[in-house]
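All ligand and atom numbering here is 1-based and tracks the order in the structure.
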Amino acid sequence: MIITVTLNAAIDKSLSVPNFRLGRRHRTVEQRTAAGGKGVNIARALKTLGQPVIATGFAGGPTGTRIVDQLTEESILNDFVRIREESRTNTAVYDPTNGQQTEINERGPAVSPKELELFRDKLLYLARGADMVVMAGSLPRGVDADVYAGLVRELRKAGVLTIIDTDGEPLRHAVRAEPDVISPNVIEAEELVGHEFNDDEDHVIAVGEMIEQGAREAIMTLADGCVACVRVDGQLQRFRVLIAPREAVAGVGAGDAFLAGYVASRYGGRSTADCLAYGVACGAESTQHLGAGLVDPREVDRLLSEVDVQALSASAVGD
Ligand SMILES: O=P(O)(O)OC[C@@]1(O)O[C@H](CO)[C@@H](O)[C@@H]1O
């Protein structure tokens, strides 16, 4: 079983608005409303890919009820801690005329210490039947930045693989707790290692720096694939995985689809190179849908032949 954790779950509104301009009134040409937040999206994609998954986290107020109801309607197993304050709604606007997207994410509810304790107990209980826990997304108010770090330590004691996709301080703390995998995008990775990247060589060096900070494996997602420093037969190996970028319907959630593909493949016991390739194919395919966590498995299989996995030698990465 795979568990996804979304502490700051949301209702995601995805709006397609041609010629979007600040300060103007617009009408949508297409819109989609769905339960969201990164862990929820990962759970949706994992379920579509045929993997056993339970989504957990916090859900509050009528929006929280809607999140839980939507997951249940989609037959995604879920077990959320109900909280007193209202869960958030996030809005993404896509302009099909220029491919630009604008996201407005609410801060989310405040979570009390008692609610956090209930969640911790629930997660550790659920984890007894799990192989992997994916913790993804921002934190709601009232939750300390080291929450993922503490959960990583406890889950490791329980023998569960931990995968983290977050940013800022929560990521910095989590990395020190030595999670099995982290999966930041470029901006999140630059913030973590503390400098900007100019080219692919910088990306390759950066995933090594993330390992030095504590992550056991690091995968940085990019618009055209990923760069990874992962373990093959116990040895660290760096990979560059490429796919030709395609015209996107919407890009929000591509990183979530990547991680779902990677996790699905890893859960299925595939080789490291296969896991990375499958993740990249899922991320690319997800850009063809309005709404996050949506993938078409047949299209993913077709795209796999377009993915180029390059194992990099140590000398090529400046060791
Ligand atoms: O505010 P966070 O938790 O960092 O990100 C939340 C979010 O923007 O990320 C997902 C796409 O990755 C959306 O479903 C969701 O609304």
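Looking at atom 7 (C) of ligand 1, its nearest protein heavy atom turns out to be N105 ND2, 3.8 Å. Of the protein's non-hydrogen atoms, D12 OD1, 3.5 Å is the one closest to atom 15 (C) of ligand 1. The protein atom (non-hydrogen) at minimum distance from atom 10 (C) of ligand 1 is N41 ND2, 3.4 Å. In this structure, the protein non-hydrogen atom closest to atom 11 (C) of ligand 1 is D256 OD2, 3.3 Å. At the top of the distance list for atom 2 (P) of ligand 1, counting protein heavy atoms only, stands S138 OG, 3.4 Å.
For Q100, the CD atom is loosely surrounded, since the number of other residues' heavy atoms within 6.0 Å does not exceed 12.
Using a non-hydrogen distance threshold of 4.0 Å, G255 does not register as a contact of ligand 1.
Counting atoms of ligand 1 from 1 in the listed order, those under 4.0 Å from a heavy atom of E103 are 8 (O). With ligand atoms numbered from 1 in the order given, ligand 1 contributes 6 (C), 15 (C), 16 (O) to contacts under 4.0 Å with heavy atoms of N90. Within ligand 1, counting atoms from 1 as listed, the ones closer than 4.0 Å to a heavy atom of G137 are 3 (O). Taking every heavy atom of V252 and a limit of under 4.0 angstrom, the matching atoms of ligand 1 come to 11 (C). Atom numbering of ligand 1 starts at 1 in the shown order; those under 4.0 Å from a heavy atom of G253 are 11 (C), 12 (O).
In summary, of the residues considered (E86, R88, E106), a side-chain hydrogen bond (donor to acceptor under 3.5 Å, both in side chains) with T63 occurs for E86 alone.
Ring centroid separation for the pair H173 and Y148 does not come in under the 6.0 Å cut-off.
Residues L126 and V133 fall within the same hydrophobic cluster, defined by Ile, Leu, Val, Met, Phe, Trp and Tyr side chains chained together at heavy-atom separations under 4.5 Å. Follow the hydrophobic side-chain contacts under 4.5 Å out from I243 and you never reach V204; the two are in separate clusters. The cluster map of Ile, Leu, Val, Met, Phe, Trp and Tyr, joined by side-chain heavy atoms under 4.5 Å apart, puts L155 and L161 in different clusters.
H195 and F197 have perpendicular rings, their planes meeting at more than 60° on a 0 to 90° scale where under 30° would count as parallel.
Checking R107 against S138 by side-chain atom types alone, no donor-acceptor pair falls below 3.5 Å. For the residue pair D308 and Q310, a side-chain donor N or O sits within less than 3.5 Å of a side-chain acceptor on the partner.
With K38, E106, R88 as candidates, the residue nearest to atom 1 (O) of ligand 1 on a non-hydrogen basis is R88.
Checked against a 3.5 angstrom limit, the closest N/O atoms of G37 and ligand 1 fall inside it.
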